[in-house]
Engineer: 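Got a structure for you, questions after.
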Amino acid sequence: SGAADERSSFFDEMRKSGVCKVIPSFHLSKFYADMLVGGLMEPRTDPRSHLAVDFVRFGASVHQELLRGVEMVAWTVDLSLDLSALLPIVGTSCDYSKVSEVDSFQRYTKLMHAIQDWVHADSFENSGVAPPLQNISFLVPLDISRVSWSEPLFQKKLDVLLRCLSTPFEEGGWSSIFAPANTRWLLSFQLPVNQEATYNFREQLRVVAESIARHSKHGGRAVVMVGTQALKPGSGNPINSVNLVEDFSTDDSRYQGPYFDYETVQNETGSFDGLIYDEWADDW
């Protein structure tokens, strides 16, 4: 098909450029939006539903023979919980938190459970839904850049949320998303414009690393994704906060700094399985 040919050409160009690893992302946010528009609390998951059909196509599109020599090292989705809305209602334990009662959380977990169940289904008829995804890591996105680090008891609340979300129901947690052993967090950080010197990325990494290390049975590993701005303030009226222009600077510190911070925390804690640099963080 035309789409398959386009992907093959893309993978060829990746390989020629020396980019030999890929993490495909399934567009789960589209179906979350559909649930919001339709006022639904449960996604349609029957074999003819748009979600099921699209996921089967996604699984078929990442067969190794179609990747043209590029290695698929993990897969993920384009949907994250909104920590800025959830952390304020996190209590001292899973039972004393209101997070699992929030509509957005329930929609999110039902979608995540659906695709995880398809990948790791025990039944014969479902075993072929997405075979290429079964033996590689599933990265669960969590946008850390949206949280308020000045929130009272922030670290304790983040620790409870990470532990409860990664602990299965039968052990007193909120979901079975992390039941498969190859599930990891994908922790997303965003460095602000021209504030690298005052934005303590290393300390934020250390806080999160300590949190996931405390519950290593489930959700104790993570991949870190960090983006810096490819924009800078323009030369116009300084009170215009949106007066931004493209930054063509050859200064590599915006790349080196996050990497050195990651290496430092990784050497201290050993909690991470990789670093992804988001080159186009402000292009979305």
Side-chain angles (χ1 to χ4, degrees), residues 26 28-29 31-32 35-36 41-43 45 74-120 137-189 203-225 265 269-273:
F26 179 65
L28 196 62
S29 61
F31 299 97
Y32 182 88
M35 291 174 69
L36 289 178
M41 290 302 299
E42 297 270 356
T45 58
W75 68 285
T76 187
V77 295
D78 62 346
L79 184 65
S80 169
L81 289 169
D82 184 356
L83 292 185
S84 63
L86 297 181
L87 281 180
I89 56 175
V90 171
T92 56
S93 68
C94 304
D95 292 337
Y96 287 95
S97 299
K98 299 293 185 182
V99 173
S100 60
E101 301 174 10
V102 176
D103 287 353
S104 61
F105 180 85
Q106 293 179 13
R107 291 186 176 102
Y108 167 86
T109 52
K110 286 172 183 175
L111 283 168
M112 295 289 273
H113 288 154
I115 61 174
Q116 280 282 67
D117 288 347
W118 284 331
V119 172
H120 299 284
S137 294
F138 175 47
L139 305 183
V140 179
L142 195 64
D143 188 358
I144 304 295
S145 67
R146 291 183 56 82
V147 304
S148 172
W149 292 83
S150 60
E151 169 82 16
L153 302 176
F154 164 76
Q155 185 168 359
K156 290 184 178 180
K157 290 188 174 186
L158 179 64
D159 184 65
V160 172
L161 185 139
L162 292 174
R163 174 167 50 82
C164 297
L165 184 57
S166 60
T167 301
F169 300 112
E170 59 270 20
E171 296 180 25
W174 297 339
S175 81
S176 60
I177 295 172
F178 283 81
N182 58 357
T183 304
R184 306 283 189 271
W185 290 108
L186 176 59
L187 304 174
S188 176
F189 296 82
E203 183 57 29
Q204 293 188 4
L205 269 183
R206 186 175 287 116
V207 166
V208 177
E210 290 173 353
S211 287
I212 64 174
R214 279 192 283 270
H215 45 86
S216 58
K217 184 178 180 181
H218 303 287
R221 308 295 305 173
V223 171
V224 174
M225 182 166 69
V265 177
T269 66
S271 296
F272 302 132
D273 290 328

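All residue numbers refer to positions in the sequence shown, counting from 1. Note that the coordinates shown come from a computational prediction; the quantities given were computed from them, not determined experimentally.
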Engineer: Short question: side chain of D78, backbone of L28 - any donor-acceptor pair under 3.5 Å?
Structural biologist: yes
Engineer: Return the minimal non-hydrogen interatomic distance between H113 and S175, and the atom names on each side.
Structural biologist: NE2-CB, 3.3 Å
Engineer: Give, for atom CE of M225 and atom CD1 of I144, the distance between the pair rounded to the nearest 0.5 Å.
Structural biologist: 11.0 Å
Engineer: Do side-chain atoms of R107 reach the backbone of L36 as a donor and acceptor pair under 3.5 angstrom?
Structural biologist: no
Engineer: Ignoring hydrogens and angles, tell me if any N or O in the side chain of H120 forms a donor-acceptor pair with the backbone of Q116 under 3.5 Å.
Structural biologist: no
Engineer: Measure from the ring center of W75 to the ring center of F138 and say whether it is less than 6.0 Å.
Structural biologist: yes
Engineer: Which value, rounded to the nearest 0.5 Å, describes the distance between L187 atom CG and I212 atom CD1?
Structural biologist: 6.0 Å
Engineer: Distance check, rounded to the nearest 0.5 Å: L158 atom CG versus Q155 atom CD?
Structural biologist: 7.5 Å
Engineer: Do S29 side-chain atoms and L79 backbone N/O form a donor-acceptor pair below 3.5 Å?
Structural biologist: no
Engineer: Minimum heavy-atom separation for S84 to D82, with atom names?
Structural biologist: OG-OD1, 2.5 Å
Engineer: In Å, rounded to the nearest 0.5 Å, how long is the span from CG of N182 to OG of S137?
Structural biologist: 5.5 Å
Engineer: Minimum heavy-atom separation for L165 to W174, with atom names?
Structural biologist: N-CE3, 3.9 Å
Engineer: Where do K110 and P43 come nearest, in terms of heavy atoms and distance?
Structural biologist: CB-CD, 3.9 Å
Engineer: Who pairs with Y108 by ring pair (Phe, Tyr, Trp, His ring centres under 6.0 Å), at least two apart in sequence or on another chain?
Structural biologist: none
Engineer: Look only at the side chain of T76 and the backbone of L139, and say whether a donor-acceptor pair between them is shorter than 3.5 Å.
Structural biologist: yes
Engineer: Of the non-hydrogen atoms in W118 and T45, which two are nearest, and what is the gap between them?
Structural biologist: CZ2-O, 3.5 Å
Engineer: Which heavy atom of D143 sits nearest to which heavy atom of L83, and what is that distance?
Structural biologist: O-CD1, 4.0 Å
Engineer: With sequence neighbours excluded, give me every salt bridge (Lys or Arg N to Asp or Glu O under 4.0 Å) pair touching residues 173-184.
Structural biologist: R184-D273
Engineer: Working to the nearest 0.5 Å, report the span between CE of M35 and CD of Q106.
Structural biologist: 9.5 Å
Engineer: Quick one: does any side-chain atom of S211 pair with a main-chain N or O of V207 as donor and acceptor, under 3.5 Å?
Structural biologist: yes
Engineer: In terms of ring plane angle, is the pair W185 and F178 parallel, tilted or perpendicular, where the classes change at 30° and 60°?
Structural biologist: tilted
Engineer: Without placing hydrogens or testing angles, list every side-chain donor-acceptor pair under 3.5 Å for residues 92-105, not counting sequence neighbours.
Structural biologist:
| from | atom 1 | to | atom 2 | distance (Å) |
| --- | --- | --- | --- | --- |
| S93 | OG | Y96 | N | 3.4 |
| S97 | OG | G91 | N | 2.7 |
| S97 | OG | S93 | O | 2.7 |

